[in-house]
Amino acid sequence: MSSIQARTETARESVKTAKAQAVDMKFEIVVIPVSDVDRAKDFYARLGWRLDADFAGEGWRVIQFTPPGSPASVIFGKNVTAAKPGSAQGLYLVVSDIDTARKELIARGIDVSEAFHGAGDVHTGTDVPYLFGNRRVGGADPARASYSSFASFSDPDGNGWLFQEITTRLPGRVEGDTSFGSSAELAAALRRAAAAHGEHEKRNGGKHDENWPDWYAEYIVREQKGEKLPE
């Protein structure tokens, strides 16, 4: 094989690899291990999650729930996993407002921890591990920085869930058009844009901005993309 033929063959293989990598791989299901299927079903229903399926046959059962606004779902049941009940830990639910998320579940009778945040550069301690290590400091992040405030709860088997407050995505974390998983997320984004726009008008002598819809739109799109926000 000549060097030109070799390079051509290499190029063809690279194209094949690129095409293979272009196939979407959408993460949609987390299987959680439970000991009592009906008890687990009652718990996840109380969370306000949507029941998508409850199928059963001889020796098996599959139940699927989807959290509000989530593209991914959870499945549990009988003979759907060999994992030990309660062994699923570090299951994250992204929310736009940690306080509202906590209050909603507490109102539904769910035991939710107080909000907490990390201890800066200190990551070792005796607390239950999470994204920032083994150190949990009480209260939401003082600066309410995106990605920095958490709260936790568990299902009856001890499978561990955490809320994580994200209001602005890091660059490169959002693809395609601006979108929201629920009306509550959109409303929260509009409130943040309204507050920022109020400060914008103050800096401009308090004059009413007739182009406020354009300003809101730019703010929300930039926030989701993790870009510098308009002033």
Looking at Asp36 and Lys41, is any side-chain nitrogen of the basic one under 4.0 Å from a carboxylate oxygen of the acidic one? no
How about Tyr130 and Phe116: are their ring centres within less than 6.0 Å of each other? yes
Taking NZ, NE, NH1 and NH2 as the nitrogens, is one of them in Asp52 or Arg50 under 4.0 Å from a carboxylate oxygen of the other? yes
Would you be so kind as to tabulate the donor-acceptor pairs closer than 3.5 Å made by side chains of residues 75-86, with sequence neighbours excluded?
from	atom 1	to	atom 2	distance (Å)
Asn79	ND2	Gly59	O	2.5
Thr81	OG1	Ala83	N	3.1

Flag yes if more than 12 heavy atoms outside Arg61 fall under 6.0 Å of its CZ atom; otherwise flag no. yes
For the CG atom on Asn204, are there more than 12 heavy atoms of other groups (residues, nucleotides or ligands in this structure) within a distance under 6.0 Å? yes
For the hydrophobic clusters of this structure (ILVMFWY residues joined by side-chain heavy atoms under 4.5 Å, transitively), does one cluster hold both Val112 and Phe43? yes
Any link between Trp49 and Leu162 through a network of hydrophobic side chains (Ile, Leu, Val, Met, Phe, Trp, Tyr) touching at under 4.5 Å? no
Taking all non-hydrogen atoms of both residues, which atom of Leu93 and which atom of Pro67 are closest, and how far apart? CD2-CG, 4.0 Å
Going through the checks in order, is the side-chain contact (heavy atoms from CB on, under 4.5 Å) test met by Asp209 and His200? CA-CA 9 Å; Asp209 179 11; His200 165 74; 3.9 Å; yes
Looking just at side-chain N and O atoms, do Asn134 and Thr124 make a donor-acceptor pair shorter than 3.5 Å? no
Pair Phe132 and His123, ring centroids less than 6.0 Å apart: no
Mind checking whether Trp161 and Tyr147 sit in one hydrophobic cluster, side chains of I, L, V, M, F, W, Y counted as touching below 4.5 Å? no
Of the non-hydrogen atoms in Leu51 and Ala53, which two are nearest, and what is the gap between them? CD1-O, 3.5 Å
Side-chain contact, heavy-atom cut-off 4.5 Å: His208 with Glu201? yes
Cationic N near anionic O, under 4.0 Å, Asp155 to Arg39: no
Is Leu47 close to Arg108 at the side-chain level, that is, under 4.5 Å between some pair of heavy atoms? no
For Phe27, the side chain to side chain contact (heavy atoms under 4.5 Å, CB included) test, sequence neighbours excluded, returns Val30
Looking at Phe150, I'd like to know if the NZ or CZ of Arg136 sits under 6.0 Å from its six-membered ring centre while staying within 45 degrees of the ring's axis. no
Who are the side chain to side chain contact (heavy atoms under 4.5 Å, CB included) partners of Arg144, not counting sequence neighbours? Asp97, Ile98, Asp99, Ala140, Ser149, Glu165
Shared hydrophobic cluster, Ile220 / Trp212 (ILVMFWY, side-chain heavy atoms < 4.5 Å): yes
Which residues satisfy the ring-ring contact (aromatic ring centres under 6.0 Å, His included) test with Phe163, sequence neighbours excluded? Phe153
To the nearest 0.5 Å, atom CG of Asn211 lies from atom CD of Glu218 at 11.0 Å
Closest non-hydrogen contact found for Ser87 with Asn159 is N-OD1, 3.4 Å
By ring-ring contact (aromatic ring centres under 6.0 Å, His included), which residues pair with Tyr219, not counting sequence neighbours? Trp215
Taken in chain and number order and not counting sequence neighbours, the residues that satisfy side chain to side chain contact (heavy atoms under 4.5 Å, CB included) with Glu28 are Lys26
OG-CG distance between Ser148 and Leu131, expressed to the nearest 0.5 angstrom: 10.5 Å
Minimal non-hydrogen separation, Gly158 against Gln89, with atom names: O-NE2, 2.8 Å
Rounded to the nearest 0.5 Å, the OH atom of Tyr44 sits from the CD1 atom of Ile32 at a distance of 3.0 Å
Begin with the C-alpha distance, continue with both residues' side-chain angles, and end with the deciding distance and a verdict on side-chain contact (heavy atoms from CB on, under 4.5 Å) for Arg102 and Ile106. CA-CA 6 Å; Arg102 286 189 65 254; Ile106 291 172; 3.6 Å; yes
Does Val94 belong to the same Ile/Leu/Val/Met/Phe/Trp/Tyr cluster as Leu91, with side-chain heavy atoms less than 4.5 Å apart forming each link? no
Would you name the heavy atoms of Val95 and Ala101 that are closest together and state the gap between them? CG1-CB, 3.9 Å
Indicate whether any N or O donor in one side chain lies under 3.5 Å from an N or O acceptor in the other, for Ser152 and Ser113. yes
Would Thr168 and Ser146 count as having a side-chain donor-acceptor pair, cut-off 3.5 Å? no
